[in-house]
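This report refers to the structure that appears directly beneath it.
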Amino acid sequence: MKKIEIFNSSILILENIDVTPYDKTSEFYKQLDRELNHSKSVPIEAYGGLYQTFENELYNVKDFDNFFNLLYPTVEKARKSFDIEKSVLSFRRLWVNRIFTNCQSFTHNHFSVDHDPCDLIGIFYFISEGHSADLVFTNLTEVGKSADQIPPANKEIIKVKTGTFVFNNFFVSRTYRDWE
């Protein structure tokens, strides 16, 4: 577990979460793959390549509850690390993204004028092959841009791999970049 500060935001990185029972040969992965391939969701922040998002009825994916239970202790570690005093955590959104070669997403944040800001935001890398999913944090002046449009002084890149869970407790903007 590593905690760092980026642009006045605390970032918690937990690595090597074992997802072996849910690898590409599992029924869980196969059903998730089918759902992603038939998803009608198109995220507005993606550009430059194929990007699939699946959110609807995620809980109905076979074995999702067991997969989620595998991750939940890590969510609890993050909650404690950020001193979030709530005894019950509610989840505003859960979704799955698949990002292909040459695709990026624009910087964005998880703050909404219609809702309170999230207390905790987590991104779990179920499968990340090679250097496929760098996570780029930016300062708040860079919202709506791609990573290559942002000056180096205004961004921090976190290298991720399969089994990495990244949390933050502030609505800092971020973008994903595919390097393959």
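Given the structure is predicted, the values throughout are model-derived calculations rather than measurements.
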Would you check if the side chain of D33 reaches a backbone N or O of Y29 as a donor-acceptor pair within less than 3.5 Å? no

To the nearest 0.5 Å, atom CZ of F137 lies from atom CD1 of I150 at 12.5 Å

| query | Got a donor-acceptor contact below 3.5 angstrom from the T164 side chain to the Y125 backbone? | reply | no

Next on the checklist: Please check if the number of heavy atoms outside K3 that lie under 6.0 Å from its NZ is greater than 12.
Outcome noted: yes

When L12, L71, V160, N16 are each screened for side chain to side chain contact (heavy atoms under 4.5 Å, CB included) with F165, the one that passes is L71

Output for pair (F54 CZ, R98 CZ), nearest 0.5 Å, gives 11.5 Å

Angle between ring planes, Y22 versus F67, binned at 30° and 60°: parallel, tilted or perpendicular?
perpendicular

query = Looking only at side chains, do S9 and N168 share a donor and an acceptor under 3.5 Å apart?
reply = yes

Q. Quick one: are P73 and E76 in side-chain contact, heavy atoms under 4.5 Å?
A. no

Review point. Does the side chain of N97 pick up a donor-acceptor pair with the side chain of Y51 at under 3.5 Å?
Key: yes

Practice problem: Take L58 and L32 through the test side-chain contact (heavy atoms from CB on, under 4.5 Å) and record every step on the way to the result. | Solution: CA-CA 9 Å; L58 186 58; L32 199 54; 4.0 Å; yes

TODO: Answer whether the closest heavy-atom distance between the side chains of E142 and K155 falls below 4.5 Å.
DONE: no

### Message
So does G144 get a backbone contact from the side chain of T107, meaning a donor-acceptor N/O pair under 3.5 Å?
### Response
yes

Original post:
Looking at side-chain heavy atoms only, is the closest gap between I158 and I4 below 4.5 Å?
Top reply: yes

CG of L14 to CE of M1, rounded to nearest 0.5 Å, is 6.0 Å

Q.
Using a 3.5 Å distance criterion without hydrogens, assess whether the side chain of K62 forms a donor-acceptor pair with backbone atoms of Q31.
A. no

| message | Would F167 and V75 count as a side-chain contact (heavy atoms from CB on, under 4.5 Å) here? Give the steps. | response | CA-CA 9 Å; F167 293 93; V75 174; 4.2 Å; yes

Distance col, row K77:NZ vs Y72:OH, nearest 0.5 angstrom, shows 13.5 Å

From the list L70, T162, I17, side chain to side chain contact (heavy atoms under 4.5 Å, CB included) with F124 holds only for I17

Just wondering, do I6 and I11 contact through their side chains at under 4.5 Å, heavy atoms? yes

- Message: Looking only at side-chain N and O atoms, does N37 offer a donor or acceptor that is under 3.5 Å from a partner on Q52?
- Response: yes

